K.L.:
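I'd like to ask some things about the structure below.
Indexing begins at 1, ligand by ligand and atom by atom, following the structure's order. Bear in mind the structure is a predicted one, so any value in this text is a computation, not a measurement.
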Amino acid sequence: MPPWNSPVKTASRRTLFVLIAAVLLSVVAIFFFGPGAAARFLHRTASRHMAVGRFAQAQARLAWAARLDPQDYRTPLQQSSCFRRLREMGNWANALKVAVARGAPPAVVDLHQRLGEVQLGRMDDGLEQAIAHLTWLGASPDDLATAVVFGLLARQHPEAARNFLDTGVDPMPDQAQMDFLWGVYWRYQGSLSEAESRLEAALAARRGHEPARAELAALLEQQGHFSQALLHYQELAEQTGGRESVILGLARVLRHLGRFPDARRRLHPLALQPSPSPSVWMQIGEIEMDLGNYPDAETWLRRLRPEASMDSVLITLAARTFALQDKTGEAEQLFARVAALSDRGLLVYDLQQRLSENPGDNEAARQLQVLYSTPLPPTDLHLVAVSSPSGSDGTQSRAAELYAQHCGACHGATGDGRGRAARHLFPRPRDLRTGRSQLVSTRNGVPTPEDLEDVLRLGMPGTSMPAFDHLSQSDRTLLGRLVLEFNREGMRELLARSLRESGDAVDEEEIEAAVEHCTSPGELIRVPEISGPDEKAIAAGGKTYQQLGCVKCHGDDGQGGNEPAGFDHWGYPSRPRDLVREPFKGGRQAESIYLRLAAGMPGTDHPAIVGISSAEIVKLVFYVLSLTQEQDGTLTNFQRWVVSEPTAYRAAF
Ligand code: HEC
Ligand code: HEC
């Protein structure tokens, strides 16, 4: 189904009314003059809409004209114009072919053909010649200026485009169209505020100018002004009755605003159509990914066959989905495919450079031809094998194997927290070489082997650190030891570096002693028997909560105090936990909360309690538990990121 025919449901009442009026008018016209005349009437109204940038309305008229008089060549010809002005060049070429097949006069086809080619940047005889030719063929001022400006930008000649807009536009197009073209030019040049004001001027002159609104929406989205972009996409969705590119923009912006169900609802009707563009499935995949529904994300992305794709963005996304589901083998293979594509891209670039320096370089031309005509062979995702360094002793290589299989995608091959799936996660996977754990049971904040095993068995709720309860106890023990070894290595490096920097001699033995000291668990915190709670204990705990200053960070109601969010030891923003709704990293068992209060959470602002008895701490635990309400299941990885890292988020755009 062509996009302009998509669900009328999304069209506004006004659009609906206009459509009904058009139908009635055409019925009357058919009755009096026959279908051919009615189609011509629709062609004229379509032209009028196109002249003011209302392409969706024009396309709706043309769809009717096509039904009334299926053999008329004018309909596909006008449709090709719409596509060209909307920069849908594949559709443009197809529509033009249909017009030719229906017997469109060569002179008219020539004009449309030439306009499209100039717009694609094909003006080998030079700009002057191209303009003269188009004028001679009878191009309208709007069509001519649009084709030339886009063509020059496609050829990466912005100065020429500017020069043309400044002086060369004769006769002048419509003012709104001029503002639009200036807007496109400034956006191309990266002057976003000038682009914005030009596009706004275009819309002030012609509210219905679809390309100007689409450009402005994209510009606002590009700058991270999602709420503003949303308004424009919504208006476009109404105006166009649900054009695919518009719905995709709308869904993207809704996703960035954390409105996942809305984004999904918008996309699903498109996804169910016979041949939606790949971007639709990809966008749904991203939404499921943000929501943490990794298997669903995988299902959508698999439809796009990432293993045979040449689109690095798609392949990377699919690879991350695999990595997050502990399917490290598949993930690695896809990441390798991305690397191969990037090598290939470099090769193409080199060959193109060679050719541009020396157009007679036949060898370069031949190699380029071969590259273009042979796509990268599909990756066989079933050949799953994870390579891992094999150590001399059996247990070490087993640990390394387990680590490569289950942890490396997030924590990185060397434990530095920079695995390939890491970019997507908040909080970031821990740098295991900085030697600090948040969930500990010792006075000096160093984790015991049991602490590490607990983290592996239970995961860290509210983060993407998974629970590895499906591994055997002995595998978890091996992994815990490996983590400790990463800790030690990191510590060694740090000490040696700081000694070198301060000009001191590096004494290996001294370093080893220091490492031993820093990584040895200190006195264990004994957790008392906890039973209860009763009202009195909770009330007493509430008092302690005030007295110890918990209220400063966590607030009177447990949902956040006045202190601004700080940073943790690893440099990432760290908000005090919402004690009412958010999951606890160490879980909500009383014993675990007791440890978090008595030991603190090393590396974060959350302090260890000192100077009160264990009985008082137990009461405080009861108080914290009494604050718990239904947990907010919708807090996604993505939302944690947006809330905590708005600037990083914009920069990533
Ligand atoms: C999907 C990504 C992911 C995978 C897979 C993963 N982790 Fe983590 N891990 C995290 C994140 C995220 C955190 C940090 C959470 C934070 O800072 O609050 C973390 C934290 C940790 C910590 C710190 C615990 C503490 O008390 O502070 C350890 C240790 C750890 N991971 C070990 C492992 C090991 C071992 C594996 C493999 C068996 C593994 N992780 C697999 C994402 C992952
Ligand atoms: C200086 C600010 C600050 C103070 C004071 C503070 N906290 Fe926290 N608290 C935090 C931060 C920050 C976190 C989250 C750390 C992280 O995950 O990065 C946190 C986390 C927690 C958690 C969640 C533990 C888990 O497993 O995720 C609990 C429970 C908690 N605090 C209770 C308290 C209580 C009770 C007090 C008073 C004794 C208190 N906090 C004092 C900042 C503070």
K.L.:
If the threshold is 4.0 Å, N to carboxylate O, is there a salt bridge linking R457 and D454?
P.N.:
yes
K.L.:
Which part of V440 is near ligand 1, with near meaning a heavy atom under 4.0 Å away: side chain, backbone, both or neither?
P.N.:
neither
K.L.:
Would a 4.5 Å heavy-atom cut-off, applied to side chains only, mark D416 and T434 as touching?
P.N.:
no
K.L.:
Can you tell me the protein heavy atom closest to atom 11 (C) of ligand 1 and the distance?
P.N.:
P429 CA, 3.5 Å
K.L.:
Ligand 1 and Q438, any nitrogen or oxygen pair closer than 3.5 angstrom?
P.N.:
yes
K.L.:
Hey, could you give me the OG1/CD distance between T379 and E332, rounded to the nearest 0.5 Å?
P.N.:
12.5 Å
K.L.:
Within the stated cut-off of 2.8 Å, is an N/O/S atom of H606 closer than that to atom 8 (Fe) of ligand 2?
P.N.:
yes
K.L.:
Quick check: does H554 get an N/O under 3.5 Å from an N/O on ligand 2?
P.N.:
yes
K.L.:
Is the closest heavy-atom distance from M460 to ligand 2 below 4.0 Å?
P.N.:
no
K.L.:
Answer yes or no: is there an ion pair linking E330 with K327, defined by an N-O contact shorter than 4.0 Å?
P.N.:
no
K.L.:
What part of L471 sits under 4.0 Å from ligand 1 if we count only heavy atoms: the side chain, the backbone, both or neither?
P.N.:
neither
K.L.:
Confirm or rule out an N/O/S atom of H411, from backbone or side chain, lying less than 2.8 Å from atom 8 (Fe) of ligand 1.
P.N.:
yes
K.L.:
Please identify which atoms of ligand 1 are closer than 4.0 Å to at least one heavy atom of L324.
P.N.:
1 (C)
K.L.:
Which protein non-hydrogen atom lies closest to atom 5 (C) of ligand 1, naming both residue and atom, and how far is it?
P.N.:
H406 O, 3.2 Å
K.L.:
As a check for students: among L439, T604, L479, identify the option with a heavy atom nearest to atom 26 (O) of ligand 1.
P.N.:
L439
K.L.:
Would R433 and E489 count as a salt bridge (charged side-chain N to carboxylate O under 4.0 Å, His left out) if you check the C-alpha gap in whole Å, the side-chain angles of each, and the deciding distance to 0.1 Å?
P.N.:
CA-CA 7 Å; R433 302 172 77 85; E489 263 174 36; 3.2 Å; yes
K.L.:
Taking a cutoff of less than 4.0 Å between a non-hydrogen atom of the residue and any ligand atom, is K552 in contact with ligand 2?
P.N.:
no
K.L.:
Below 4.0 Å, non-hydrogen atoms only: which portion of P427 touches ligand 2? Side chain, backbone, both or neither.
P.N.:
neither
K.L.:
Roughly how far, to the nearest 0.5 Å, is the NE2 atom of H606 from the CD atom of Q438?
P.N.:
10.5 Å
K.L.:
May I ask you to test the D296-I284 pair for a side-chain heavy-atom distance under 4.5 Å?
P.N.:
no
K.L.:
Please state which part of M601 comes within less than 4.0 Å of ligand 2, counting heavy atoms only: side chain, backbone, both or neither.
P.N.:
side chain
K.L.:
For L432, take its heavy atoms, then give the atoms of ligand 1 lying under 4.0 Å from any of them.
P.N.:
28 (C), 29 (C), 30 (C)
K.L.:
Given the rule in the salt bridge (charged side-chain N to carboxylate O under 4.0 Å, His left out) test, do R320 and E298 qualify, once you have shown the distances and angles that lead to the verdict?
P.N.:
CA-CA 10 Å; R320 286 211 311 261; E298 183 186 328; over 6 Å; no
K.L.:
Please could you name the atoms of ligand 1 that T463 approaches to less than 4.0 Å, counting only its heavy atoms?
P.N.:
15 (C), 18 (O)
K.L.:
Between P466 and ligand 1, which residue portion shows a heavy-atom distance shorter than 4.0 Å: side chain, backbone, both, or neither?
P.N.:
side chain
K.L.:
So do R264 and L291 actually touch side chain to side chain, heavy atoms under 4.5 Å?
P.N.:
yes
K.L.:
Given side chains that start at C-beta, do those of T628 and R588 come closer than 4.5 Å, heavy atoms only?
P.N.:
yes
K.L.:
Side chain, backbone, both or neither: which part of L402 comes within less than 4.0 Å of ligand 1 when only heavy atoms are counted?
P.N.:
neither
K.L.:
Should you measure from each heavy atom of G549, which atoms of ligand 2 turn up under 4.0 Å away?
P.N.:
5 (C)
K.L.:
Is the shortest heavy-atom distance from the side chain of R492 to the side chain of E512 under 4.5 Å?
P.N.:
yes
K.L.:
Are L452 and L479 close enough that some pair of their side-chain heavy atoms sits under 4.5 Å apart?
P.N.:
no
K.L.:
Please determine whether M465 has a backbone or side-chain N, O or S atom lying under 2.8 Å from atom 8 (Fe) of ligand 1.
P.N.:
yes
K.L.:
Among all protein heavy atoms, pick the one closest to atom 38 (C) of ligand 1 and tell me residue, atom and distance.
P.N.:
C407 SG, 2.7 Å
K.L.:
Backbone or side chain, does C550 get an N/O/S atom under 2.8 Å to atom 8 (Fe) of ligand 2?
P.N.:
no
K.L.:
Would you check the N or O atoms of R430, main chain and side chain alike, for any that come under 3.5 Å of an N or O of ligand 1?
P.N.:
yes
K.L.:
Heavy atom under 4.0 Å from ligand 2: found in L579's side chain, backbone, both, or neither?
P.N.:
side chain
K.L.:
Please answer whether the main-chain N or O of V338 pairs with a side-chain N or O of S342 as donor and acceptor at a distance below 3.5 Å.
P.N.:
no
K.L.:
So which protein heavy atom does atom 35 (C) of ligand 1 come closest to, and at what separation?
P.N.:
L456 CD2, 3.4 Å
K.L.:
Heavy-atom contact check, 4.0 Å cutoff: does A409 meet ligand 1?
P.N.:
no
K.L.:
Should R428 be listed as contacting ligand 1, given a heavy-atom distance under 4.0 Å as the test?
P.N.:
yes
K.L.:
Using a 4.0 Å cutoff against the non-hydrogen atoms of I609, which atoms of ligand 2 qualify?
P.N.:
38 (C)
K.L.:
Taking the ring of Y403 and the ring of F486, is the distance between their centroids below 6.0 Å?
P.N.:
yes
K.L.:
Backbone, side chain, both or neither: what part of R577 comes under 4.0 angstrom of ligand 2, heavy atoms only?
P.N.:
both
K.L.:
Is there a polar contact, in the sense of an N or O pair closer than 3.5 Å, between K585 and ligand 2?
P.N.:
yes
K.L.:
Go through ligand 2 atom by atom and flag the ones less than 4.0 Å from a non-hydrogen atom of R596.
P.N.:
24 (C), 26 (O)
K.L.:
Output the list of atoms in ligand 1 that are nearer than 4.0 Å to some heavy atom of V483, sorted by atom number.
P.N.:
29 (C), 35 (C)
K.L.:
How are the rings of H406 and H470 set relative to one another: parallel (under 30°), tilted (30 to 60°) or perpendicular (over 60°)?
P.N.:
perpendicular
K.L.:
Working to the nearest 0.5 Å, report the span between CD of Q283 and OG of S277.
P.N.:
10.0 Å
K.L.:
Taking all heavy atoms of L627 and all of G558, pick out the closest pair and write down the distance.
P.N.:
CD1-CA, 4.3 Å
K.L.:
Identify the protein heavy atom lying closest to atom 3 (C) of ligand 1, giving its residue, its atom name and the separation to 0.1 Å.
P.N.:
C410 SG, 2.8 Å
K.L.:
Check for me whether the distance between the ring centres of H268 and W300 falls short of 6.0 Å.
P.N.:
yes
